[in-house]
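Reading through the structure tokens given below for one structure.
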Amino acid sequence: MTAFNANRRRFLVGAGAVGAGALLSGCVTQSPSASGGKSGGPVTLQSNLSSPQAKTAMQAIIAAFDKRGGAGAQLNTVASETFRTQLPTYLTSANPPDAYTWYPGSVAESYAKKDLLLGLDDIWEKPELAGYSDALKKLCTSASSGKKVFVPTSYYWWGVFYRKSNFAKWGVKEPKTWDEFLGLCDKLKSKGVAPIGLGAGGDTPWVASTWFDYLNIRVNGAAYHRELLAGKHRFDDPEVRKVFDKWDEARPFFDPNGTAIPFQDATTALLQGRTGMMLIGTFFADAAPKDALGDLDFFQFPIIDPKVPVAEEAPTDGYFASARTKRADGVKELLRYLASAEAQELYLKNSSGTALPTHPDAKDAGTPLVLKGRKLIASATDVTQFFNRDSSDALQPTADTALVHYLAKPKEIGSILTTWQRSAQKIWSQ
């Protein structure tokens, strides 16, 4: 096993242990009998991959699947935030979409516990998935039922992204430590550039969560972070207050429009040089012009306490299916194809190519950016997913409210954390 694969395996084991249009009306009508799983009509795939390049890539995959013969598929692309809020409605509908883009781990588990996800044990024995690691199998297995409920197809990393040409123009370089990062921010601000873009406005307030995630794993460590999101610590604990003490040091360097615009607009500001850098996942590149991709680079979120083991955020993406599907056979045929090296390479070819495939035989884009991202993940002692993925979709809105409130009125942090804990406790007690 290579060093990268060993680290990747550790990352996926850690993630598994704790386990990112048309609405329902846009889905095809399904027949009333589900017993045989062989109802006619195409399999409906509800996708939140709505950025231009990602949508094009999904369309290419579905077209390739349809050409194979057998079950056909219909792609319904939904704006990501609409998808997030509508997902519980989709899954509990009498006539739900058949399959969905989404996340494994604790997010999938929250739906599996309610018997809303289709069991996929049988397809994990098929050739397309037979070579996947035990760690991936664990990540995709429901803790409550012991059944596999998810098919992973890619993962990606988060980093502080910037344009190389802009850093060269401004005469600055990547920082390594927190103090160097603050010094970089100060220099950019002196040049009239908003140092840090955010994009937590509009319908993407969740972007602020990665600042909380990274500061927490740098200050308190990944184990504490996961325990906190599982309700084993309190959001008003002194350890969490330390996270915001550090955030206070960087907050003056945030774009003043950071909580007024969505991350798509914040991405545009970054590309146009109106902001200097942005903590974001590689998915943002799917909305960037192709000719800008070669100018993008990133650096690791700065180390704050060298004694804290270094963790990174590297979420896994893929698919699950409705337990109420009337087309179980067709769904499983589609999911097997999506799990294949062919489908994953086709997605990378038609998107920005910044994701990393999960199939052991699938080739990534091989660009310097991707190689650097692989190295970042491989060198991490531990890997987290993202706030809602390490907790639940239900807990995410409590973070959105608390963090946007903090950025607007930082002096109220005491009452903000008290309210956050109260809101989170209601979710954990359900």
Side-chain angles (χ1 to χ4, degrees), residues 51-57 156-201 204 207-208 210-211 214 250-303 312-314 348-356 364-377 379:
S51 61
Q53 293 184 54
K55 183 177 180 180
T56 296
Y156 64 93
W157 70 96
W158 286 70
V160 185
F161 281 83
Y162 64 92
R163 291 197 74 152
K164 291 182 283 188
S165 59
N166 284 339
F167 266 35
K169 177 176 66 176
W170 297 324
V172 297
K173 60 182 181 179
E174 296 182 357
K176 299 295 183 185
T177 66
W178 183 249
D179 286 343
E180 289 178 0
F181 175 68
L182 295 178
L184 168 60
C185 290
D186 196 50
K187 189 169 184 178
L188 290 177
K189 191 171 184 179
S190 73
K191 293 178 179 292
V193 177
I196 305 171
L198 184 61
T204 63
V207 173
T210 198
W211 273 90
Y214 259 111
R251 185 178 41 76
F253 299 112
F254 275 66
D255 178 7
N257 294 320
T259 57
I261 59 174
F263 90 82
Q264 296 90 340
D265 291 345
T267 296
T268 300
L270 175 71
L271 295 174
Q272 293 179 348
R274 290 183 280 118
T275 58
M277 51 197 165
M278 184 175 178
L279 177 60
I280 196 69
T282 62
F283 57 83
F284 90 96
D286 282 327
K290 282 279 190 179
D291 60 5
L293 293 179
D295 194 36
L296 291 177
D297 205 345
F298 75 94
F299 58 86
Q300 178 187 50
F301 191 92
I303 302 300
E312 304 294 343
E313 298 242 277
L348 294 178
K349 178 181 177 181
N350 286 277
S351 67
S352 64
T354 53
L356 299 168
D364 63 40
T367 63
L369 190 71
V370 167
L371 293 175
K372 188 175 181 180
R374 275 192 177 276
K375 184 178 179 180
L376 176 76
I377 300 171
S379 64

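Hydrogens, waters and symmetry mates play no part in the numbers below; they use all other heavy atoms, side chains included.
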request  = Could you check Met278 against Val160 for side-chain contact (heavy atoms from CB on, under 4.5 Å), going step by step and ending with a plain yes or no?
outcome  = CA-CA 5 Å; Met278 184 175 178; Val160 185; over 6 Å; no
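- Annotation: Trp158 is not in aromatic contact with Phe284 [ring centroid separation under 6.0 Å not met].
- Smallest separation of non-hydrogen atoms from Pro289 and Leu271: CD-CD1, 3.8 Å.
- Within 6.0 Å of the NZ atom in Lys173, the count of heavy atoms belonging to other residues, nucleotides or ligands does not exceed 12.
- The pair Glu174-Lys372 meets the salt-bridge criterion, with a side-chain N (NZ, NE, NH1 or NH2) lying under 4.0 Å from an Asp/Glu carboxylate O.
- The only member of Val172, Leu182, Val193 that meets side-chain contact (heavy atoms from CB on, under 4.5 Å) when paired with Lys187 is Val172.
- Two residues are said to be in side-chain contact when any heavy atoms from C-beta on lie closer than 4.5 Å; Thr177 and Ile303 fail this criterion.
- Residues Leu371 and Pro368 fail the side-chain proximity criterion, which asks for heavy atoms closer than 4.5 Å.
- Put simply, CZ on Phe161 and CG on Leu270 are 10.0 Å apart, with the number rounded to the nearest 0.5 Å.
- Closest approach of Leu348 and Asp364 over heavy atoms only: CD1-CA, 3.8 Å.
- Within a 6.0 Å sphere centred on NZ of Lys191, heavy atoms belonging to other residues, nucleotides or ligands number more than 12.
- Within the 3.5 Å criterion, the main-chain N or O of Gly199 finds a donor-acceptor partner in the side chain of Thr204.
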request  = Take Ser352 and Asp286, measure what side chain to side chain donor-acceptor pair (under 3.5 Å) needs, and give me the verdict at the end.
outcome  = CA-CA 5 Å; Ser352 64; Asp286 282 327; 2.9 Å; yes
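- The pair Arg163-Asp295 counts as a salt bridge, with a side-chain nitrogen and a carboxylate oxygen less than 4.0 angstrom apart.
- For the pair Pro175 and Phe181, the tightest heavy-atom approach, listed with the atom from each and the gap, is CB-N, 3.5 Å.
- Between the side chain of Thr354 and the backbone N or O of Thr282 there is at least one donor-acceptor pair closer than 3.5 Å.
- Using modelled atom types, one side-chain atom of Ser379 and one backbone atom of Leu376 make a donor-acceptor pair closer than 3.5 Å.
- Taken to the nearest 0.5 Å, the CG atom of Asn257 stands 8.5 Å off from the CZ atom of Arg274.
- The aromatic ring centroids of Phe283 and Trp157 lie 6.0 Å or more from each other.
- Between atom CG of residue Leu356 and atom CD1 of residue Ile377 there is a gap of 5.5 Å, rounded to the nearest 0.5 Å.
- Here the closest non-hydrogen pair linking Ala208 and Leu198 is CA-CD1, 4.3 Å.
- Taking the six-membered ring for Trp and the full ring otherwise, Tyr162 and Phe298 have centroids separated by 6.0 Å or more.
- Contact detail for Leu296 and Lys164: the closest heavy-atom pair is O-CE, 4.0 Å.
- Rounding to the nearest 0.5 angstrom, the gap separating the CD1 atom in Ile196 from the CZ atom in Arg251 is 11.0 Å.
- Among all heavy-atom pairs drawn from Val370 and Gly353, the shortest one is CG2-O, 3.4 Å.
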query = Given the rule in the side-chain contact (heavy atoms from CB on, under 4.5 Å) test, do Glu313 and Thr210 qualify, once you have shown the distances and angles that lead to the verdict?
reply = CA-CA 8 Å; Glu313 298 242 277; Thr210 198; 3.3 Å; yes
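- Expressed to the nearest 0.5 Å, how far CE of Met277 lies from SG of Cys185 amounts to 3.5 Å.
- You'll find the side chain of Gln300 stays beyond 4.5 Å of the side chain of Tyr214, heavy atoms only.
- Considering CZ of Phe254 and NZ of Lys189, their distance stands at 12.0 Å, rounded to 0.5 Å.
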